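Notes for the one structure printed next.
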Amino acid sequence: MLTICVALAASFVHHRIALDREDSLMDPPGTMVSVDGHRMHVYTEGGEGAAPDAPTLVFLAGGGTASPVLDFTPLFSRLSGDYRIAVVERLGYGYSDVADEPRDVDTVLSETRQALVEAGVHGPYVLLPHSMSGLTAIRWAQVRPEEVAGIVGLDAAVPQSYSDITIPNSLLLHAFSVVAKLGLTRLVPSFADGRPAIASGGLSAEDEEVYRAILYRRTETTPMIREIEAVKENAEKVGAAPPPQVPMLFFTSNGEGTGIDTDTWRGYQRAFLDTVHDSRQVILNSGHYVHDYETDTIAHAARNFLDGLDDPPH
């Protein structure tokens, strides 16, 4: 027991020294705004070649994605020449504060909308949600359809996605949070190397270094855990309302990384899109972080979708 305690103490001290050393990497590249007393990070880029009435592309990260800005960098860098892009980092993510606030879908949506307004980013928006944020995007189009010009789902979850899934035990999630705070995750190279943003090779060496620094600060934060605890209730709430009728393009993975088999995962998205008049599904043979592994394919198809937003649905 004494040996274990000494080892944990040594890991924690090493972790704190590393965090101090990495502080120089932690300057937010975007704008820090105040939302309900907490700081949130909004990153914007591009738009110089956009038409005056072109929508802003708003990227919404999936659950547990430590650095949304860097995770989406390979994709939005291919689109920002013609569109203004915005990445909103929720509480507990990236450079935003860690705060123990409710994580029901309406609160998350309200914070996201406020952050954009405070950063001077106004609609209409095309939403690009990954994974869990699919619920937020669908809810946004349900309650504020005038703000949403379309949804480009990046293997986005739909309400039915959570119908049969088993939510991890909260005690295990909190235990892993403690493991991260002790710095034990630094001792396992695959913990960072296996992250899709790094493993895909889409980031520069400098961005990879920053991603790692953020990851060691934003692993199983309290808001991330609260999101998981609330996800089934959020899915039920979104699923109880009529599906929004805004144009949708969904990129669907093979289910790897979701805990759901390929046919079932793809079927959930297909069944949801069948209720949306103007919708299309693109099947990709890659894992859950499709925007990291199928970047060029998604960028090309997304451009065609965006170019056709003013065309009549078919």
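None of the values given here were measured: they were computed from a predicted structure. Heavy atoms only: backbone and side chains are in, while hydrogens, waters and symmetry mates are out.
- To the nearest 0.5 Å, the span separating CE on Met248 from NE2 on His277 amounts to 13.0 Å.
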*Taking it one step at a time, do Arg226 and Glu101 satisfy salt bridge (Lys or Arg N to Asp or Glu O under 4.0 Å)?*
CA-CA 8 Å; Arg226 293 285 182 259; Glu101 295 290 339; over 6 Å; no
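- Following chains of ILVMFWY side-chain contacts shorter than 4.5 Å, one can reach Val238 starting from Leu273, so the two form part of one hydrophobic cluster.
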_side chain to side chain donor-acceptor pair (under 3.5 Å) between Asp71 and His291, intermediate numbers included_ = CA-CA 8 Å; Asp71 183 61; His291 48 286; 2.6 Å; yes
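- Panel note: side chain Glu89, backbone Val69; a donor-acceptor pair is recorded below 3.5 Å.
- Listed here is the closest heavy atom pair of Glu22 and Tyr216: OE2-CD1, 4.3 Å.
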*Could you please spell out the steps behind the side chain to side chain contact (heavy atoms under 4.5 Å, CB included) verdict for Leu25 and Ile214?*
CA-CA 9 Å; Leu25 303 173; Ile214 296 173; over 6 Å; no
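- At a cut-off of 3.5 Å, with distance as the only test, no side-chain donor of Thr107 or Glu111 sits close to an acceptor on the other residue.
- Looking only at distances, no side-chain donor or acceptor of Ser11 sits under 3.5 Å from a matching main-chain atom of Ala7.
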*Verdict with supporting geometry, Asp97 and Arg90, salt bridge (Lys or Arg N to Asp or Glu O under 4.0 Å)*: CA-CA 8 Å; Asp97 286 350; Arg90 301 192 297 279; over 6 Å; no
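- Put simply, the side chain of Gln142 gets close to the backbone of Pro242: a donor and an acceptor are under 3.5 Å apart.
- Residues Met26 and Tyr95 form a side-chain contact, since some pair of their non-hydrogen atoms from C-beta on lies under 4.5 Å apart.
- Residues Leu154 and Ile298 meet the side-chain proximity criterion, which asks for heavy atoms closer than 4.5 Å.
- The closest side-chain heavy-atom distance from Arg139 to Val143 is below 4.5 Å.
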*Apply the test side chain to side chain contact (heavy atoms under 4.5 Å, CB included) to residues Ile167 and Val231: give CA-CA distance (whole Å), side-chain angles for both, the deciding distance (0.1 Å), then the verdict.*
CA-CA 9 Å; Ile167 302 301; Val231 70; 3.4 Å; yes
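- No side-chain donor from either of His288 and Glu256 sits under 3.5 Å from a side-chain acceptor of the other.
- Side-chain N/O atoms of Glu229 and Ser170 include a donor and acceptor closer than 3.5 Å.
- Although no hydrogens or angles enter the test, the distance criterion places a donor-acceptor pair under 3.5 Å between the side chain of Asn234 and the main chain of Val105.
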*asked:* salt bridge (Lys or Arg N to Asp or Glu O under 4.0 Å) for Asp104 and Lys237? Distances and angles first, verdict last.
replied: CA-CA 9 Å; Asp104 62 280; Lys237 185 170 190 175; 5.2 Å; no
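- Taking the six-membered ring for Trp and the full ring otherwise, the centers of Tyr83 and Phe76 sit at least 6.0 Å from each other.
- In this model, a donor atom of one side chain and an acceptor atom of the other lie less than 3.5 Å apart for Tyr289 and Thr65.
- Taking the side chain as every heavy atom from C-beta outward, Val246 and Ile151 approach each other to under 4.5 Å.
- Side-chain atoms of Ser80 do not come within 3.5 Å of backbone N or O of Glu45 as any donor-acceptor pair.
- Of all non-hydrogen atoms in Ser253 and Trp265, the two that sit nearest each other are OG-NE1, 3.5 Å.
- Once rounded to the nearest 0.5 Å, the distance linking OG1 of Thr73 with CD1 of Ile85 reads 8.0 Å.
- With a 4.5 Å cut-off on side-chain heavy atoms, Ser177 and Ile225 count as touching.
- Residues Arg84 and Glu48 are not paired through a salt bridge, judged by the lack of any N-O separation under 4.0 Å between the basic side chain and the carboxylate.
- Smallest separation of non-hydrogen atoms from Leu135 and Val158: CD2-C, 3.9 Å.
- Under a hydrophobic clustering in which Ile, Leu, Val, Met, Phe, Trp and Tyr are joined whenever their side-chain heavy atoms come within less than 4.5 Å, directly or via other members, Phe305 and Ile283 fall into different clusters.
- Val117 and Val42 fall into different hydrophobic clusters, defined by Ile, Leu, Val, Met, Phe, Trp and Tyr side-chain heavy atoms under 4.5 Å apart, directly or through other members.
- In this structure, CZ on Arg212 lies 12.0 Å from OG1 on Thr185, to the nearest 0.5 angstrom.
- The closest donor-acceptor contact from the side chain of Thr112 to the backbone of Val108 lies under 3.5 Å.
- Checked by atom type and distance alone, the side chain of Arg218 pairs as donor or acceptor with a backbone atom of Ser96 at under 3.5 Å.
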*Is there a salt bridge (Lys or Arg N to Asp or Glu O under 4.0 Å) between Asp292 and Arg195 once you walk through the steps?*
CA-CA 10 Å; Asp292 286 318; Arg195 300 285 157 162; over 6 Å; no
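- Checking side-chain atoms of Ser163 against main-chain N and O of Gln160 turns up a donor-acceptor pair under 3.5 Å.
- Residues Pro168 and Ile228 come closest through the heavy atom pair CD-CG2, 4.0 Å.
- Checked by atom type and distance alone, the side chain of Thr295 never pairs as donor or acceptor with a backbone atom of Leu75 at under 3.5 Å.
- Closest approach of Leu91 and Arg39 over heavy atoms only: CD2-O, 4.0 Å.
- Within a 6.0 Å radius of CZ in Arg270, more than 12 heavy atoms belonging to other residues, nucleotides or ligands are found.
- For the residue pair His15 / Arg186, a side-chain donor-acceptor distance below 3.5 Å is found, with atom types taken as modelled.
- Contact annotation: the side chain of Val58 approaches that of Leu116 to within less than 4.5 Å [non-hydrogen atoms, C-beta and beyond].
- Under the ring-ring contact (aromatic ring centres under 6.0 Å, His included) test applied with Phe59, the options Tyr93, Phe72, Tyr125 reduce to a single match, Phe72.
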*Would you sort out whether Tyr162 and Glu236 count as a side chain to side chain contact (heavy atoms under 4.5 Å, CB included), showing the intermediate values?*
CA-CA 9 Å; Tyr162 297 100; Glu236 290 172 1; over 6 Å; no
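- Under the 4.5 Å side-chain criterion, counting only non-hydrogen atoms from C-beta, Leu203 is in contact with Pro74.
- Around CG of Asn285, the count of heavy atoms belonging to other residues, nucleotides or ligands within 6.0 Å does not exceed 12.
- For Arg280, the CZ atom counts as loosely surrounded, since its 6.0 Å shell holds 12 or fewer non-hydrogen atoms of other residues, nucleotides or ligands.
- For the atom pair Asn254 CG and Asp263 CG, the distance stands at 11.0 Å (nearest 0.5 Å).
- Rounding to the nearest 0.5 angstrom, the gap separating the OH atom in Tyr211 from the OG atom in Ser204 is 14.0 Å.
- Using a distance-only test at 3.5 Å, with no hydrogens or angles considered, a donor-acceptor pair links the side chain of Ser133 to the main chain of Ala61.
- Summarising the geometry, atom CG belonging to Leu215 is positioned 12.0 Å from atom CD belonging to Glu208; distances are rounded to the nearest 0.5 Å.
- With a 4.5 Å cut-off on side-chain heavy atoms, Val282 and Phe250 do not count as touching.
- Taking both residues in full, the closest heavy atoms of Pro243 and Val276 are given as CB-CG2, 4.5 Å, listed atom of the first, atom of the second, then distance.
- In this structure, His174 places its NE2 atom where more than 12 heavy-atom neighbours from other residues, nucleotides or ligands lie under 6.0 Å away.
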*Would Leu306 and Leu57 satisfy side chain to side chain contact (heavy atoms under 4.5 Å, CB included), going step by step from the backbone distance to the final call?*
CA-CA 10 Å; Leu306 294 166; Leu57 311 186; 3.8 Å; yes
